[in-house]
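Okay, so here's the structure we're looking at.
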Amino acid sequence: GAVVSQHPSWVICKSGTSVKIECRSLDFQATTMFWYRQFPKQSLMLMATSNEGSKATYEQGVEKDKFLINHASLTLSTLTVTSAHPEDSSFYICSARAIRNEQFFGPGTRLTVL
Amino acid sequence: RKEVEQDPGPFNVPEGATVAFNCTYSNSASQSFFWYRQDCRKEPKLLMSVYSSGNEDGRFTAQLNRASQYISLLIRDSKLSDSATYLCVVMGNSGGSNYKLTFGKGTLLTVNP
């Protein structure tokens, strides 16, 4: 399948700092990427849909000013968690839509906010 | 009714067993269907897309019944490495935000030696 990378794979930060996560499609172009969050023993929850060259579409209950998304190119989307707090600690996963509407996931970023 | 509903599991089976997972979805306009597997603390990995004609990939067979809005996955001759959570995933109509995936809660499979 297609390859999606994510960086960093894990990050520990102090409360109040901002954290930027990158998602890249390595061998295909993705006009649409998605950002998910997964808490322990729970399903993936879609946070937002990232469209290249336009504003992201956020799911209900997700604060767009807190979770800034930029999709500047067909192979890169970034998620910035601004002023992170302990309750933002989670596993953040991106996915990229390829041909036949299949989505391939990045390896995820484990965020711990102290 | 939940958008995507799966067997709650967990399933514990011996090596070599045949395992069947069932899934139903509520949105009749859904267009694309997938099975993913997710290992503990890892990202979901696409196992296979599911087509109305049914499709097979080695030991894995997926079926879709649009009339009853039902999806299944059959694993034959299960291996220890098949142990994972299996996610039934549905995508809406093509275009706009309808590319988004809706996940079932997953069914945990443990294959025992």
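Within every chain, numbering begins at 1; the chains are lettered A, B, ... in the order of the sequence lines, protein sequences first and strands thereafter.
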Please classify the contact between [X] and chain B as side chain, backbone, both or neither, with a heavy-atom cut-off of under 4.5 Å.
X	answer
Phe105(A)	both
Gln6(A)	neither
Gln38(A)	side chain

Contacting region of Lys42(B) [heavy-atom separation from chain A under 4.5 Å] | backbone
CZ of Phe11(B) to OG1 of Thr107(B): how many Å apart, nearest 0.5 Å?
-> 6.0 Å
What residues, two or more places apart in sequence or in another chain, satisfy ring pair (Phe, Tyr, Trp, His ring centres under 6.0 Å) together with Phe33(B)?
-> Tyr25(B)
Check ion pair Asp88(A)-Lys66(A) (N to O, under 4.0 angstrom) | yes
Shortest non-hydrogen separation from Ser30(B) to Arg66(B) and the atoms involved =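 Smallest interatomic distance, heavy atoms only, reads O-NH1, 3.3 Å.
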